[in-house]
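See below for the structure under consideration.
Convention: sequence-line order gives letters A, B, ...; per-chain numbering from 1.
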Amino acid sequence: MSEELNQVLRARREKLESLRSRGMEPFAYSFDRSHGNGAARELFEEAESENRLPEDGHGPEVRVAGRIVSWRGHGKSAFAHMEDGGERIQLYFKKNVLGEESFDLALEMLDLGDWIGVSGPTFRTRTGEVTVRVDAWTLLSKSLRPLPFGKVEVDAETGERVVHSGFADTEGRYRQRYADLAVNPEVRDVFRTRARIVTELRRFLDDHGFLEVETPALQPLYGGAAARPFVTRHNALDREMYLRIADELYLKRLIVGGFEAVYEIAKDFRNEGIDRFHNPEFTMLEFYRAYWDYHDVMAFIERMLAHVVDAVVGSRELTFQGTGLSFEAPFARVHFMDALGEAMGADPGSLSDDELRERARALRVPDVDRAGRGKLLDKLFGELVEPDLVQPTFVLDHPLELSPLAKPHRERPGVVERFELYVNGAELANAFSELNDPLDQRARFEDQSALRAGGDDEAHRVDDDYIRALEYGLPPTGGLGMGIDRLVMLLTDQASIRDVILFPVLRSEE
RNA sequence: GAGCCGGUAGCUCAGCUGGCAGAGCAGCUGACUUUUAAUCAGCAGGUCCUGGGUUCGAUCCCCAGCCGGCUCACCA
């Protein structure tokens with residue numbers, strides 16, 4: 001990339017050359033830290049509270065490192081803040097401590113964004129901040145491009161952090177997430193929380209006898225959900241392959257193989273629109289457990305979410321975009337057909353397809369003419385019921401046409417043993433008593449094929465190998481899929497899925 | 001895919017009715033040895049998203065496009 005260097009970039013290049021000409025390497029190989037910035041501060045505070053500080057008030061010597069995030073020069077001294085990971089510590093450069101040469105070099109050569117390592121004793125300044133008096137410094141990496149630092153004001157009374165003129169441009173923040181992370185600590189916090197959520201999910205599943213497995217992301221035939229795939233090509237095999245849209249069919253093959261409980265946390269890929277709740281690649285947790293039905297899964301996920309919410313939020317009451325949500329079990333339960341019937345003022349099961357179509361048309365649902373019964377019911381539900389499912393709510397027993405991989409309900413005709421968990425009007429999880437009758441499964445696939453032939457390009461494909469696996473025998477099994485990104489959004493109060501995915505998909509910059 | 005809003009200095013943003021492009025921060029020069037949005041003085045920094053059009057003259061008006069945000073649609 002050839003880019004006209006502006007004056008700021010040029011100045012930094014000149015400093016780089018100047019450093020080299022003075023025999024100082026601007027890109028170091030390593031630095032031997034004695035403490036992280038937070039630990040260095042605590043070390044001082046400990047010594048202070050135990051009255052172990054000498055007369056001059058200078059505490060233990062430390063070697064710390066980080067990125068320079070602010071600089072205040074005062075002639076023959078200077079204050080800076082340096083940040084490592086998330087902890088910030090103040091540095092005090094003083095001419096008569098460092099010596100003229102080292103002090104002048106720091107003033108001339110150091111910029112915001114540079115990585116440095118320093119050593120010296122800790123002390124408390126007149127204004128009360130624990131600070132490292134820099135006895136020696138070394139450049140670890142020269143920053144050649146200015147980071148968009150704002151000015152950080154800390155309210156003396158509330159301790160509240162106010163950022164002025166910070167890096168706020170949403171497009172820039174997503175395109176250059178490295179810069180976003182570098183200057184916005186709260187963004188780093190979101191992703192730390194994301195990691196903790198995944199860790200706690202994993203811990204809970206591990207503690208309950210689940211085995212973590214890995215199944216193919218690159219598949220000869222996709223399935224397990226209704227979605228359009230990304231198509232790619234394997235050259236040596238000379239064939240098309242697909243990025244997975246779900247893990248489901250492989251995980252159930254593993255139950256056939258004799259594993260009793262498996263889970264996978266992995267990326268799925270769906271070749272569809274992008275918006276606040278959808279990114280083309282997203283992270284899904286799926287688990288399957290032999291001998292369970294969907295009631296067992298329901299009870300388990302209530303406990304699993306309680307565990308994660310307790311660990312990450314510390315309370316089962318949380319606020320998402322101004323709305324209070326309670327993750328206290330048991331969650332509300334509504335039956336799909338009952339809830340829809342109530343909203344429609346009529347039993348949808350006793351209405352004909354044409355009558356349903358008329359109802360949908362009245363609600364200005366698009367494309368109703370070619371929609372089958374399952375799709376119509378789903379559209380009506382989405383229109384009339386979903387928006388009201390704000391608190392965590394299980395929706396039970398969906399129409400059979402909508403659920404080609406779920407077992408028919410043991411008592412209610414026309415519906416399956418399935419639940420979706422809705423929170424804040426959006427689907428968070430989806431689960432079934434898994435269909436384990438291979439003959440029924442084949443018939444369901446064939447129904448889907450008919451839908452596909454009728455123009456529904458999201459209908460499920462026939463997967464003969466999966467049928468073969470079922471023929472060997474799938475024990476009764478309960479399974480679940482949960483969108484991790486959406487869970488992270490809820491628990492970190494982020495309005496867009498792009499705020500919980502480090503590098504979301506964007507259009508090309510060019 | 002539709003509607004609305006936006007794109008101006010490295011960052012955050014002004015820019016009136018069409019008349020030489022502005023501020024703060026960051027940068028550079030100088031002053032300042034406990035500051036913390038440090039302060040003070042000065043300087044430099046622009047493909048006004050792109051391409052057309054209207055006009056004596058366009059950051060501004062018109063048309064087309066690109067990128068982003070929000071809402072709706074789509075996404076079981």
Just the table, please: protein N/O against nucleotides 23-26 of chain B N/O, every pair under 3.5 Å.
residue	atom	partner	partner atom	Å
B:C25	O3'	A:Lys151	NZ	3.3
B:A26	OP1	A:Lys151	NZ	2.5

What nitrogen or oxygen pairs link the protein and nucleotides 4-8 of chain B at under 3.5 Å?
none

With sequence neighbours left out, write down each residue that passes ring pair (Phe, Tyr, Trp, His ring centres under 6.0 Å) with [X], or none if nothing qualifies.
| X | result |
| --- | --- |
| A:Phe331 | A:Phe394 |
| A:Tyr242 | A:Tyr222 |
| A:Phe381 | A:Phe336 |
| A:His460 | A:Phe445 |

Handout entry: Pairs touching residues 141-171 of chain A that satisfy ring-ring contact (aromatic ring centres under 6.0 Å, His included), sequence neighbours left out
Key = none
Handout entry: Pairs where residues 78-91 of chain A contributes a residue and the test salt bridge (charged side-chain N to carboxylate O under 4.0 Å, His left out) is met, not counting sequence neighbours
Key = A:Arg33-A:Asp84, A:Arg41-A:Glu87, A:Glu83-A:Arg88, A:Glu83-A:Arg188
Handout entry: Any pair counted as salt bridge (charged side-chain N to carboxylate O under 4.0 Å, His left out), so long as it reaches residues 107-120 of chain A, sequence neighbours left out
Key = A:Arg12-A:Asp111, A:Lys15-A:Asp111, A:Arg22-A:Glu108, A:Asp111-A:Lys142, A:Asp114-A:Lys142
Distance-only criterion, 3.5 Å: show the donor-acceptor pairs between side-chain atoms of residues 65-75 of chain A and protein atoms not counting sequence neighbours.
residue	atom	partner	partner atom	Å
A:Ser70	OG	A:Arg72	NH1	3.4
A:Ser70	OG	A:His81	N	3.3
A:Ser70	OG	A:His81	ND1	3.2
A:Arg72	NH2	A:Gln90	OE1	2.8

Handout entry: Ring geometry between A:Trp137 and A:Phe93 (parallel below 30°, tilted from 30 to 60°, perpendicular above 60°)
Key = perpendicular
Practice task
Return the set of residues passing side-chain contact (heavy atoms from CB on, under 4.5 Å) with A:Pro60 (not counting sequence neighbours), or none when no residue passes.
Solution key: A:Leu43, A:Ala47, A:Thr122
Handout entry: Near-strand residues of residues 90-100 of chain A, defined as heavy-atom separation under 4.0 angstrom from RNA chain B
Key = A:Gln90, A:Tyr92, A:Lys94, A:Asn96
